[in-house]
Amino acid sequence: MRVEIWSDVSCPWCFIGKARFKKALVAFPHRDDVEVVHRSFELDRRLAETRPTTGPKHAEKYGMTPQQARAAEEDLAQLARAEGLDYLVDFRDHGNTFDLHRLLRLAADRGVGDELLALFYEGNFSAERSIYDPEHQVELAIRAGLDEAEVRAVLTDAGAYAEDVRADEDEAARLGITGVPFFVVDRKYGLSGAQTTATFLGVLERAWAER
């Protein structure tokens, strides 16, 4: 059984949803027969510069006051921590994730895609350092098991894995996916958002029984 997950590294709900889905998969009796495929999705392709995740600019984007924006981040932090995740409200920024997705495609080709995605999420939400710093990206990629020279070559070549990322995004558009996280089970069931662990488990069990 195949589960495809469209997500973006900058998305807090994707971070939380991945943790909940992982718990559901651990509880699923047939987990060894489930193939999980991570798909690329950029929340904002046009974003050229990084910006803080709290403060006036962030609040303006979502039509909130700075106080409301910070309160929303605090709420997300509580949800993340309830799943056992570290989540920093301060020290984080938001930017263009295209290079991150290109590196994730390289990692998938080398068999360490899930490991790098987990490290990118941790690097973005739990570290007092920008995930958009290329050197930070290289360090995390090496920790995931990738070759440093190969990682740097991908970052230097803007065309490397670009078509793969765009193909995922085009497929998302064909499927009507407009937000992430989005989970597709055997191209039969679609779940939008960071569903509860129980919901994920229920869909896995239903899809398996119908096979």
Side-chain angles (χ1 to χ4, degrees), residues 2-19 21-22 25 34-53 57 80 85-88 91-175 177-184:
R2 170 180 279 202
V3 178
E4 297 164 274
I5 307 173
W6 273 265
S7 60
D8 198 0
V9 174
S10 66
C11 167
W13 291 110
C14 297
F15 183 43
I16 295 168
K18 183 178 186 297
F21 176 78
K22 184 177 180 180
L25 195 59
V34 177
E35 176 191 12
V36 179
V37 180
H38 295 286
R39 301 291 191 191
S40 302
F41 191 102
E42 294 172 88
L43 287 172
D44 193 344
R45 292 189 186 187
R46 298 166 298 177
L47 195 60
E49 298 180 354
T50 58
R51 59 169 180 262
T53 55
K57 287 186 178 181
L85 304 170
D86 290 330
Y87 190 105
L88 295 177
F91 307 108
R92 287 200 302 108
D93 51 11
H94 179 66
N96 187 288
T97 55
F98 189 61
D99 284 347
L100 294 167
H101 285 295
R102 294 194 301 117
L103 289 177
L104 286 168
R105 292 306 300 246
L106 167 65
D109 278 355
R110 301 296 178 265
V112 292
D114 193 63
E115 290 84 351
L116 184 57
L117 180 58
L119 287 171
F120 275 172
Y121 276 137
E122 291 173 12
N124 185 44
F125 292 100
S126 308
E128 295 181 10
R129 183 178 176 186
S130 176
I131 193 64
Y132 305 100
D133 173 6
E135 289 304 313
H136 192 194
Q137 296 170 11
V138 171
E139 290 172 18
L140 294 174
I142 293 171
R143 282 179 56 192
L146 292 175
D147 176 72
E148 179 178 354
E150 193 170 29
V151 171
R152 292 188 182 279
V154 168
L155 287 175
T156 301
D157 179 5
Y161 292 99
E163 290 185 3
D164 300 277
V165 174
R166 295 299 182 220
D168 278 353
E169 294 176 331
D170 290 343
E171 182 68 5
R174 283 193 292 271
L175 292 173
I177 299 170
T178 58
V180 288
F182 199 94
F183 300 76
V184 177

**Asked** Given the rule in the side chain to side chain contact (heavy atoms under 4.5 Å, CB included) test, do L43 and C11 qualify, once you have shown the distances and angles that lead to the verdict?
**Response** CA-CA 8 Å; L43 287 172; C11 167; 3.7 Å; yes
**Request:** For the pair F15 and Y121, name the ring-plane relationship: parallel under 30°, tilted 30 to 60°, perpendicular over 60°.
**Result:**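 Tilted, since the angle between the ring planes falls between 30° and 60°.
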**Request:** Please assess E148 against V151 for the test side chain to side chain contact (heavy atoms under 4.5 Å, CB included), listing each intermediate value before the final yes or no.
**Result:** CA-CA 5 Å; E148 179 178 354; V151 171; 5.7 Å; no
About how many Å separate [atom2] of [Y] and [atom1] of [X], when rounded to the nearest 0.5 Å?
| X | Y | atom1 | atom2 | value |
| --- | --- | --- | --- | --- |
| I142 | L119 | CD1 | CG | 11.5 Å |
| L100 | I131 | CG | CD1 | 5.5 Å |
| L103 | L155 | CG | CG | 4.5 Å |
| L117 | S7 | CG | OG | 5.5 Å |

Find out whether [X] and [Y] are in side-chain contact, i.e. whether some heavy atom of one side chain is under 4.5 Å from a heavy atom of the other.
| X | Y | result |
| --- | --- | --- |
| D114 | V36 | no |
| L106 | L146 | yes |
| E4 | H38 | no |
| V37 | I5 | no |
| Y161 | D109 | yes |
| T97 | F120 | no |
| F41 | I177 | yes |

Basic-acidic side-chain contact under 4.0 Å: [X], [Y]:
| X | Y | value |
| --- | --- | --- |
| R152 | E135 | yes |
| E139 | R129 | yes |
| R105 | D168 | yes |
| D164 | R39 | no |
| R166 | E169 | yes |

**Steps toward side chain to side chain contact (heavy atoms under 4.5 Å, CB included) verdict (V9, L104)** = CA-CA 10 Å; V9 174; L104 286 168; 4.1 Å; yes
**Request:** Decide salt bridge (charged side-chain N to carboxylate O under 4.0 Å, His left out) for E150 and R110; before the verdict, give the C-alpha distance in whole Å, the side-chain angles of both, and the deciding distance to 0.1 Å.
**Result:** CA-CA 11 Å; E150 193 170 29; R110 301 296 178 265; 2.4 Å; yes
Considering all heavy atoms of both residues, which atom of [X] and which atom of [Y] are nearest to each other, and what is their separation?
| X | Y | value |
| --- | --- | --- |
| A158 | F98 | O-CE2, 4.3 Å |
| S40 | V165 | CB-CG1, 3.8 Å |
| P181 | C14 | N-SG, 3.5 Å |
| A127 | H136 | CB-CE1, 4.4 Å |
| A19 | L85 | CB-CD1, 3.8 Å |
| A118 | K18 | CB-NZ, 4.3 Å |

**Request:** Report the C-alpha separation of D99 and Y132 in whole Å, then their side-chain angles, then the decisive distance to 0.1 Å, and conclude whether the side-chain hydrogen bond (donor to acceptor under 3.5 Å, both in side chains) test is met.
**Result:** CA-CA 9 Å; D99 284 347; Y132 305 100; over 6 Å; no
**Steps toward side chain to side chain contact (heavy atoms under 4.5 Å, CB included) verdict (E42, R45)** = CA-CA 6 Å; E42 294 172 88; R45 292 189 186 187; 3.5 Å; yes
**Asked** Do R92 and Y87 meet the cation-pi criteria used here (NZ or CZ under 6.0 Å from the six-membered ring centre, within 45° of the axis)?
**Response**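 Pair R92/Y87 counts as cation-pi.
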**Request:** Tell me, with the steps shown, if D8 and H101 meet side-chain hydrogen bond (donor to acceptor under 3.5 Å, both in side chains).
**Result:** CA-CA 8 Å; D8 198 0; H101 285 295; 3.0 Å; yes
**Request:** Using atom types as modelled and distance alone, determine if a side-chain donor or acceptor of R102 lies under 3.5 Å from a backbone N or O of D157.
**Result:** yes
